[in-house]
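A quick write-up on the structure given underneath.
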2 protein chains.
Amino acid sequence: MSDRLDHVFAALADPTRRDLVARLARADATVGELAEPYDMSVQAVSKHVSVLERAGLVTKSKDAQRRTVRLEAEVFDLMTKWIERYRREAEARYQRLDAVLAELDEDGTPKSPTTPTTHSSEESAAKERAS
Amino acid sequence: MSDRLDHVFAALADPTRRDLVARLARADATVGELAEPYDMSVQAVSKHVSVLERAGLVTKSKDAQRRTVRLEAEVFDLMTKWIERYRREAEARYQRLDAVLAELDEDGTPKSPTTPTTHSSEESAAKERAS
DNA sequence: CATTTATTCAACCAAATGGTTGACAACCTA
DNA sequence: TAGGTTGTCAACCATTTGGTTGAATAAATG
């Protein structure tokens, strides 16, 4: 399903590549221009750009000998969606748990079972979270 | 600055670890429980959990021999902020460029210079984008 | 045509990664 | 105390990664 996300996250795990993305967000640039600031060979930067390209974060367009690199913003949505989905799920679960704990605090009897607990270790989770 | 992001992105680059996060978003679980579905040793999963822990995505709490693993949602904000920042920058730049192109389309003379073009390859970028 | 410029390809290397198996530690339970 | 669970540590292995240098390609320019 998400072979794409493998490459995207892996691409952004490297600080040099994140810096490239940061700079490309401001302006397109050629490989040579991108390489200048770093204390490493042009070939190394070319490789980094290729990694970003394979991840779909960037596209290259040829202009004579130069390759102009442009940031592609769409892929960011893929990441954001993945992240936000699970962040929301986790937060929603915490709120459910807090609600349950609040009820237990009142009279000790759980009333309306909000969403049925699917996982076996949920109770111990609640116990942990109460501390 | 962002040594943390290195670990977070690297952690999520692995499909098994993303699946762990997905499952932990629904419910806390012990290492053993987490290991069950996969065709790999418990030790391997333990390592994966350690990677998630080092990235700050997850915390372990000891409960007898068991380690209950919980997802920590705060780190997600760090990622979202980073991503959204550059996505917005890129999109804003595209809109500026589209505006400039629209003006050029009318009379061929750029009027109010929106934001000054900082990078040398901006014009060629505009040319490329026009095609 | 010869040269310079911009980039990539190829081979190589050290270090990190993702997995394995075996031993060990810690804890419950009979 | 002995034995079963649960998880980690250690050593090992194959592959990937991030860098290097040297050569090759492609296009502008003298």
Side-chain angles (χ1 to χ4, degrees), chain A residues 2-3 5-21 24 28-55 57-70 119-121 124-125 127-128, chain B residues 2-21 24 28-55 57-70 119-121 123-125 127-128:
Chain A
S2 49
D3 199 29
L5 277 180
D6 282 28
H7 292 112
V8 177
F9 280 124
L12 294 179
D14 185 275
T16 305
R17 286 193 294 259
R18 279 203 308 282
D19 192 57
L20 287 172
V21 168
L24 288 167
D28 299 350
T30 68
V31 175
E33 289 167 340
L34 288 174
E36 275 166 24
Y38 309 117
D39 188 23
M40 89 181 58
S41 67
V42 185
Q43 290 96 317
V45 175
S46 177
K47 272 196 194 177
H48 278 306
V49 172
S50 294
V51 171
L52 291 173
E53 192 180 24
R54 191 158 45 96
L57 281 160
V58 133
T59 54
K60 269 177 284 189
S61 60
K62 60 183 307 187
D63 172 28
Q65 312 108 329
R66 297 182 188 81
R67 311 286 163 205
T68 304
V69 185
R70 166 166 41 252
H119 206 288
S120 58
S121 67
S124 65
K127 204 165 51 186
E128 262 299 329
Chain B
S2 49
D3 198 31
R4 181 43 89 72
L5 277 180
D6 283 27
H7 292 112
V8 176
F9 281 125
L12 295 179
D14 185 276
T16 305
R17 286 194 293 260
R18 279 203 308 282
D19 193 57
L20 287 173
V21 168
L24 288 168
D28 299 350
T30 67
V31 175
E33 289 168 341
L34 289 173
E36 276 165 24
Y38 309 117
D39 189 24
M40 87 181 61
S41 67
V42 185
Q43 289 96 317
V45 175
S46 178
K47 271 196 195 176
H48 278 307
V49 172
S50 294
V51 172
L52 291 172
E53 192 180 24
R54 190 158 47 95
L57 281 160
V58 133
T59 54
K60 270 177 283 190
S61 61
K62 60 183 306 187
D63 171 29
Q65 312 108 330
R66 296 182 186 80
R67 311 287 163 202
T68 303
V69 184
R70 165 166 40 253
H119 205 288
S120 59
S121 67
E123 326 84 69
S124 64
K127 203 166 50 184
E128 262 300 327

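Protein chains get the first letters and strands the later ones, always in sequence-line order, with residue 1 at the start of each.
If you measure from atom CE of B:Met40 to atom C1' of C:dG18, you get 8 Å, rounded to the nearest angstrom. In this entry the distance linking CG of A:Asp63 with C1' of D:dA28 reads 11 Å, nearest Å. Between the P atom of D:dT17 and the NE2 atom of A:His7 lies a distance of 8 Å, rounded to the nearest Å.
Contact annotation: B:Lys62 reaches the phosphate of C:dC27 (side-chain N/O to OP1 or OP2, under 4.0 Å). B:Thr16 has no side-chain polar atom (N or O) that falls below the 4.0 Å cut-off from OP1 or OP2 of C:dG18.
Minimum heavy-atom separation, A:Leu12 to B:Phe9: O-CD1, 3.4 Å. Here the closest heavy-atom approach between residue B:Ala55 and residue B:Ala11 is recorded as CB-CB, 4.0 Å.
Map B:Arg67 and A:Arg17 each onto its nearest nucleotide of DNA chain D; the residue landing nearer the 5' end is B:Arg67. The residue among A:Lys60 and B:Asp14 whose nearest nucleotide of DNA chain C lies closer to the 5′ end is A:Lys60.
Within residues 41-54 of chain A, the residues approaching DNA chain D are A:Ser41, A:Gln43, A:Ala44, A:Lys47, A:His48, by heavy-atom distance under 4.0 Å.
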(request) Go through the steps for A:Leu57 and A:Arg17 under the test side-chain contact (heavy atoms from CB on, under 4.5 Å), then give the verdict. (result) CA-CA 10 Å; A:Leu57 281 160; A:Arg17 286 193 294 259; over 6 Å; no
(request) Given side-chain contact (heavy atoms from CB on, under 4.5 Å), test B:Asp6 with A:Arg18 step by step and report yes or no. (result) CA-CA 9 Å; B:Asp6 283 27; A:Arg18 279 203 308 282; 2.5 Å; yes
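Listed for the A:Arg67 side chain is no donor-acceptor partner under 3.5 Å among the backbone atoms of A:Val31. Checked by atom type and distance alone, the side chain of B:Ser46 never pairs as donor or acceptor with a backbone atom of B:Val42 at under 3.5 Å.
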Under 3.5 Å between N/O atoms: give me all the protein pairs with nucleotides 3-5 of chain D, atom names plus distance.
unit_1	atom_1	unit_2	atom_2	d
D:dT5	O2	B:Gln65	NE2	3.4

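Sorted by first and then second residue, the salt bridge (charged side-chain N to carboxylate O under 4.0 Å, His left out) pairs with a member in residues 36-54 of chain A read A:Glu53-A:Lys60; sequence neighbours excluded.
Within the model, atoms CG of A:Leu24 and CG of A:Leu34 stand 5.0 Å from one another, a figure rounded to the nearest 0.5 Å.
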